[in-house]
Amino acid sequence: MRALRRLWHDTAGGLPATFWYLWAGLLINRAGAFAMLFLSLYLTDARGASESLAGIVVGAYGAGGAAGVLLGGVLADRWGRRSTLLAAHLATAVLMVALAFSRPLLLIAALSALVGVVHSMPSPAFVAAIVDVVPAQRRSRAFNLQFWAFNLGMAVASLLAGVLAEASFTALFLVDAAATLTAAAVIGWKVPETLGRATGAPPADPPKAGRSRREGLHTALTDRTFLVFVGLTFVLAVLTLQTSTIMPLAMRADGLGPSAYGAVVALGGALIVLGQLFVPRLIDRHRKDVVLAVSTALLAIGFGVLAVADDLGVYLGAAVVWTVGSMLAAPPNAQINADLAPPQLRARYQSVFYLTFPAAAFVAPTLGGVSLQHLGDRHWLIVGGLGLLAALGHLLAGPPRDRHVAALRRAAGREPAPRVERVQTG
C-alpha cells in the first residue's frame with residue numbers, strides 16, 4: 001500500500017483541481033474524437049472517392065490544422081484559455097453534424113479543412129491553461145498525464161470507432177459531436193478562466209525597444225540548429241501519421257475491415273497507456289540524440305514491415321514496434337524543444353515547432369495516397385527508408401545541438417551543460 005501511495009504521489013500528486021478538470025475534458029474529447037480517424041475510409045467506401053482524392057481531402061484537414069494552431073495561440077493569449085476551448089469545442093460539434101449529412105466531396109473537403117482548424121485550436125489553450133495553474137515543479141508530471149490521457153482517449157476512440165464505422169458512418173460523426181459537447185460542458189462548468197493566473201512562473205521580461213513580433217518569429221525561422229530539429233520532428237510526425245491516414249487504406253486492400261484497423265490503433269494506445277510512465281527511467285541514462293535515433297529507427301522498421309503485411313497478426317506486431325518508438329521519442333523531443341528556445345522567445349519557437357504536426361497531417365495523406373495508389377506496398381519501403389535517414393540525422397545533429405544549447409545557457413548566465421546530455425525527467 002505504501003508503494004502504491006508513493007507511485008501515485010510521484011505520478012499525479014500535488015496537482016490542482018482545475019488541472020484535473022482540464023484533464024477530464026481532454027480525455028472525454030479524445031475518447032470521442034474518432035470520426036477523422038476513419039475519414040479516408042468514409043470517403044472511399046461511402047462517398048466513392050479514389051485513394052488519391054481521399055488523401056487530398058484528408059490533407060485539407062491537416063492544412064486547416066496549421067492555421068488552427070496559430071489561431072488558437074493568439075486567441076488563448078488575447079481572448080482567454082477557457083473562451084478559446086469552449087469556442088473550439090462548440091464549433092467542432094457543429095461541423096461534425098454537418099459532415100454527417102454532407103454528400104458533395106467539395107463540401108466535405110471544405111468542412112474537413114474547417115474541422116482541422118477547430119481541432120487544432122485547443123492545443124495551445126490547453127497547454128497555456130495547465131502552465132497557468134500548475135506550479136513549475138509539478139508541470140513535468142502534469143504534461144506526462146496529459147499525454148497519457150490523450151492516448152488513453154485515442155485507444156477508447158479506436159475501439160468504438162471500428163464498431164460504429166461498420167454499422168454507420170453517420171453515427172460515427174454524430175457520436176463524435178456528442179462527445180465534444182460533453183467535453184465542452186465539463187470545461188464550461190468546472191474550468192475558470194486562467195489567463196493571468198500563472199503559477200510559479202518568472203516575471204516576463206519587458207519588451208526591448210525595436211523588437212517586434214515579426215523579428216521574434218524571424219529569429220526562430222532562421223535558427224538553423226532549431227530548424228534542423230524541427231525538420232527531423234516533421235519526419236517523425238509524417239511516419240507516425242501513417243497510422244491514421246494511409247494504413248487504413250492498406251489494410252482495406254489486404255481484406256481487413258474497420259474493426260481490424262481499430263484494433264491495431266487501440267493496441268498502440270494501450271501500450272502507451274500502460275508503459276509511457278515508465279519510459280523516463282528507461283532512457284534517463286542515455287543521450288537525447290541517441291534516444292531519438294533509436295526511436296525513429298523503430299518507427300522506420302515498424303512501418304517498413306507493412307510492405308510484406310497481409311494479415312492482422314503482422315499489423316499488430318508492427319504496431320508494437322512503432323509504438324515503442326513513439327513512446328521513446330516523446331520525452332527527449334519535449335526537452336530539446338525547451339532547451340533550444342531562448343527564454344524571451346519561447347512562445348514563438350513553440351508556435352514554429354507545433355506547426356510541424358498539422359503540416360505533417362497535410363503531407364502524409366496527400367503524398368501518401370498518391371504513393372499507395374501508384375506504388376502499392378513499395379510505399380512502406382519508402383516510408384521506412386525515410387525514417388532510417390532521419391535516425392541518422394539525429395545522430396549527426398546531436399553534437400552541434402549540444403554545443404548550441406551550451407552557448408544559450410552561457411548567454412543566459414546559467415551553468416554549462418554536462419558533457420553527456422541526458423534526458424531530463426523532472
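Note: hydrogens, waters and symmetry copies are ignored here, and every other heavy atom, side chains too, is used.
A salt bridge links D132 with R81: the distance from a Lys NZ or Arg NE/NH1/NH2 to an Asp or Glu carboxylate oxygen falls below 4.0 Å. No salt bridge links K288 with D402; every basic N to acidic carboxylate O contact stays at or beyond 4.0 Å.
For the atom pair L375 CG and L381 CG, the distance stands at 9.5 Å (nearest 0.5 Å). Here CG of L299 is found 10.5 Å from CG of L388. Values are rounded to the nearest 0.5 Å. Separation of atoms CH2 (W322) and OG1 (T243) is listed at 7.0 Å; rounding is to 0.5 Å. Interatomic distance, F229 CZ to T356 OG1, rounded to the nearest 0.5 Å: 8.5 Å. Atom-to-atom distance recorded for I187:CD1 and W189:CH2 is 13.5 Å, nearest 0.5 angstrom. Here M327 contributes atom CE and L298 contributes atom CG; the two are 11.5 Å apart, rounded to the nearest 0.5 Å.
Within the structure, every pair that satisfies the side chain to side chain donor-acceptor pair (under 3.5 Å) test and touches residues 108-127, not counting sequence neighbours, is listed here: Y61-H119. Screening residues 293-320 for side chain to side chain donor-acceptor pair (under 3.5 Å) gives D254-Y315 as the qualifying pairs, with residues at least two apart or on separate chains. Annotation: salt bridge (Lys or Arg N to Asp or Glu O under 4.0 Å) contacts involving residues 84-103, sequence neighbours excluded, are absent. Every pair passing side chain to side chain donor-acceptor pair (under 3.5 Å) that includes a residue from residues 35-50 is listed here, sequence neighbours excluded: Y42-R47, T44-R252, D45-R252.
Nearest heavy atoms, A359 versus F234: C-CE1, 3.8 Å. Shortest non-hydrogen contact noted between V383 and F303 is CG1-CB, 3.9 Å. In this structure, A60 and A109 approach most closely via the heavy-atom pair CB-O, 3.9 Å. A pairwise comparison of heavy atoms in A309 and V314 identifies CB-CG1, 3.5 Å as the closest pair.
Every residue two or more places apart in sequence or in another chain was checked for a side-chain hydrogen bond (donor to acceptor under 3.5 Å, both in side chains) with T240, and none qualifies. Judged as a ring-ring contact (aromatic ring centres under 6.0 Å, His included), and not counting sequence neighbours, W380 has no contacts. The side-chain contact (heavy atoms from CB on, under 4.5 Å) check on V370 picks up S52, H374, with sequence neighbours excluded. The side-chain hydrogen bond (donor to acceptor under 3.5 Å, both in side chains) check on T180 picks up D176, with sequence neighbours excluded. The side-chain hydrogen bond (donor to acceptor under 3.5 Å, both in side chains) test applied to R378 returns no partner, not counting sequence neighbours. Under the side-chain hydrogen bond (donor to acceptor under 3.5 Å, both in side chains) criterion, T170 pairs with no residue at all, not counting sequence neighbours. Residues satisfying the side-chain contact (heavy atoms from CB on, under 4.5 Å) test with L389, not counting sequence neighbours, are none. By the side-chain contact (heavy atoms from CB on, under 4.5 Å) test, S102 pairs with L107, I108, L111, sequence neighbours left out.
Here the side chains of F126 and L85 are in contact, with some heavy-atom distance below 4.5 Å.
A donor-acceptor distance shorter than 3.5 angstrom exists from the side chain of R82 to the backbone of G188, with no hydrogens or angles considered. Under a 3.5 Å cut-off, the side chain of S371 and the backbone N or O of L367 do not form any donor-acceptor pair. Under a 3.5 Å cut-off, the side chain of H404 and the backbone N or O of P400 do not form any donor-acceptor pair.
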